[in-house]
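Below is one structure; the comments refer to it alone.
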Amino acid sequence: MLSDARLAAAAGKLGRRAVKAAVTAAQQQVRDGQLEPEGVADAALAALPEQACSLVPVLNATGILLHTNLGRAVLSPAARAALQTASGTTDVELDLNTGTRGRRGRGTLAALARLVPDAGGVHVVNNGAAALVLAATALASGREIVIARGEMVEIGDGFRLPDLLVSTGARLREVGTANRVTLADYEAAVGPETGFVLKVHPSNFVVTGFTASVPVRELARLDVPVVADIGSGLLCPHPVLPDEPDAGTALRDGAALVTASGDKLLGGPQAGLLLGRADLIQTLRRHPLARALRVDKLTLAALEATLTGPRTPTDEALYADVGQLRTRAVAMAESLRSNGIDASTVDTTAAVGGGGAPGVNLPSAAVSLPTEYAALLRAGRPAVLGRVERDRCVLDLRAVAPADDAVLLAAVRSATRA
Ligand SMILES: *Cc1c(COP(=O)(O)O)cnc(C)c1O
C-alpha cells in the first residue's frame, strides 16, 4: 500500500506507523463490506491528520487576551522564526569563537538584563511556579516564608501557591487577615527563622472594601529579603494597565528578587523569570534543583526574540483602538449578511485573563451570530473559539489580529455550510 505515491508522501510527513494504521483501518472497512477495495488509499488519506502533532490551531475570539486553555500568549513572528532556528543544532551552549562551552542562553539573559537595568542578576526557568519553587527551595527550605493571608492564592486548575511553597520544605508564616495586613504584622513575624518575605500579586481577583496591604516599598524596610511574585511579567510600567506591577519598579522599590511568567503580559513563551540581587541569583543558579527547572533551547530562542523583537501580539491587542475594532466588526458582519448569515455587531468587554490585570475592562467589539455557531466554529479547522452570551455566539475581535479577519470570515462561512 505504501507504494501509492500519496501514501508514501503521507508516511514521510506523518510517519509510517500512522499511515499503516489508517490503511489497516480502511482494509477492515473493506472486509466489513463498507468500502470497495479500490477505495482503501483514498479512505486512509482522508482519515489521516494534517500534521504529526494533534494540536489544532484556534482563533481566539473570546475577548480574553491571555487564555490559559489556548496556551496564553501568542508569539510574535520574530519569536516564531527564532523557534525555527533553534529547532536544529545551535550554539545554545557553545562559544563559536573558541569552540569551547559557552554560557547557556547568554543572549536571552543579556537581553533580559538590558531591559531591567535594576536587576543585578537574571535567571530563567520553566514557568512562574518553577521560579517560586527555586526561590523557596534555595532561600527558605527548612525556614520560614512570611506571607500575607490575603496573598495565599490559587492561580487556576487547582494550583495553590501555599501548597507549592510548603512542598519545598519551607514553612509558611502567615500574617494579617484575608482582607487586611499591616507592616507591623510583618515586623512581628520576621525573625531568625525567616528565609524571605513573599509579596504575591493577586493576579486573578480583586478585593475591595475594608482592605489594606503593604507595598514592596515598605516591606523593603524589613531586615530580610523581599521576594515579589508579580505574576504577569511586565518589565516596566504599562500605560494601558497602570495598576499592574512590573519588575523594574518592584526592584527599585527594594525587592531582592522578582519572579514572573514569560507567557502572560510579557507576551513570550512559557517561562519563569527571576530577576534581582546578583548574589541571590547566583545562589539560585548554582542550586542542584536549577538543573531540573532548566529551560530548553526553544524557550530561550523565543524569549530572546520576544524581548528584543517587535511589539508582541499581546501588546498590540492591549493597545487596539475600540473604534477600529468596531469598524472591523461592522465590515465582517456586513460581509456575512451578504451571504445570508444572521450576523450583527455588538459592543463587548474584553479582559486580559491568564493571571493579569484582574478587574480591568477593555472596551471591544464583536460579531454576533446565532448560538449554534459556537459548536460549529469549534469543529472547524482552524477552530474558532467565541463566547456564548445571551443566546448569541459572540466573536470578540480584540484578541484577533487584523490579519486574521479573512481567516475568521472564511471559518464562519465554512461553518455555515456545515
Ligand atoms: C500566573 C502566576 C503564577 C504561576 O505562573 P506560571 O507561569 O503559570 O507557572 C504565580 N504567581 C502569580 C501571581 C501568577 O499570576
Side-chain angles (χ1 to χ4, degrees), residues 64-75 112 122-137 140 145 147-168 170 172 181 196-207 213-216 219 226-235 238 241 243-247 249-250 255 257-276 284 289-290 292-296 298-300 302-303 306-307 312 314 351-360:
I64 297 163
L65 271 45
L66 300 166
H67 199 299
T68 301
N69 303 149
L70 298 180
R72 289 193 184 153
V74 174
L75 296 183
L112 191 54
V122 298
H123 184 58
V124 180
V125 290
N126 273 323
N127 54 22
L132 276 171
V133 162
L134 185 56
T137 308
I145 298 173
I147 180 170
R149 291 198 169 86
E151 295 176 13
M152 302 189 40
V153 302
E154 176 172 321
I155 303 301
D157 195 26
F159 163 54
R160 291 183 168 168
L161 214 124
D163 297 346
L164 182 88
L165 295 170
V166 166
S167 78
T168 67
L172 294 187
V181 64
F196 57 83
V197 168
L198 180 61
K199 171 83 186 163
V200 181
H201 176 50
S203 57
N204 54 6
F205 66 102
V206 259
V207 186
S213 63
V214 186
V216 169
L219 292 176
V226 175
V227 177
D229 174 15
I230 62 166
S232 69
L234 286 183
L235 301 182
H238 198 291
L241 306 169
D243 295 329
E244 193 63 14
D246 67 277
T249 304
L257 267 187
V258 169
T259 69
S261 299
D263 55 353
K264 295 180 178 173
L265 287 169
L266 186 66
Q270 179 187 303
L273 313 182
L274 285 148
L275 310 104
L284 301 187
L289 189 60
L293 306 176
R294 179 175 101 157
V295 280
D296 79 330
L298 300 179
T299 304
L300 288 168
L303 182 58
T306 301
L307 294 167
T312 64
T314 303
V352 171
V360 171

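Order of listing sets the numbers, starting from 1, for every ligand and every atom in it.
Atoms of ligand 1 lying under 4.0 Å from at least one heavy atom of Gly231, given by number and element, are 12 (C), 13 (C), 14 (C), 15 (O). Ligand 1 places these atoms under 4.0 Å from at least one heavy atom of Gly128: 5 (O), 6 (P), 7 (O), 9 (O). Residue Ser261 approaches ligand 1 through these ligand atoms, each under 4.0 Å from one of its heavy atoms: 1 (C), 5 (O), 6 (P), 7 (O). Each of the atoms 13 (C) of ligand 1 lies under 4.0 Å from some heavy atom of His201.
Under the side chain to side chain donor-acceptor pair (under 3.5 Å) criterion, Asp243 pairs with no residue, sequence neighbours left out. In this structure, Asn126 has no side chain to side chain donor-acceptor pair (under 3.5 Å) partners at least two apart in sequence or on a different chain.
At a 4.0 Å heavy-atom cut-off, ligand 1 touches Arg72 through the side chain alone. By the criterion of a heavy-atom distance under 4.0 Å, neither the backbone nor the side chain of Gln270 is placed next to ligand 1. Both the backbone and the side chain of Ala129 come within 4.0 Å of ligand 1, judged by heavy-atom distances.
Side-chain atoms of Leu198 and Leu161, non-hydrogen and from C-beta on, do get closer than 4.5 Å to each other.
In this structure, the side chain of Lys199 does not engage the main chain of Ala148 through any donor-acceptor pair within 3.5 Å. Counting only distance, with no hydrogens or angles, the side chain of Glu154 and the backbone of Phe159 share no donor-acceptor pair below 3.5 Å. Under the 3.5 Å distance criterion, the side-chain polar atoms of Asn204 are matched with a main-chain donor or acceptor of Ile155.
Checked against a 3.5 angstrom limit, the closest N/O atoms of Asp229 and ligand 1 fall inside it.
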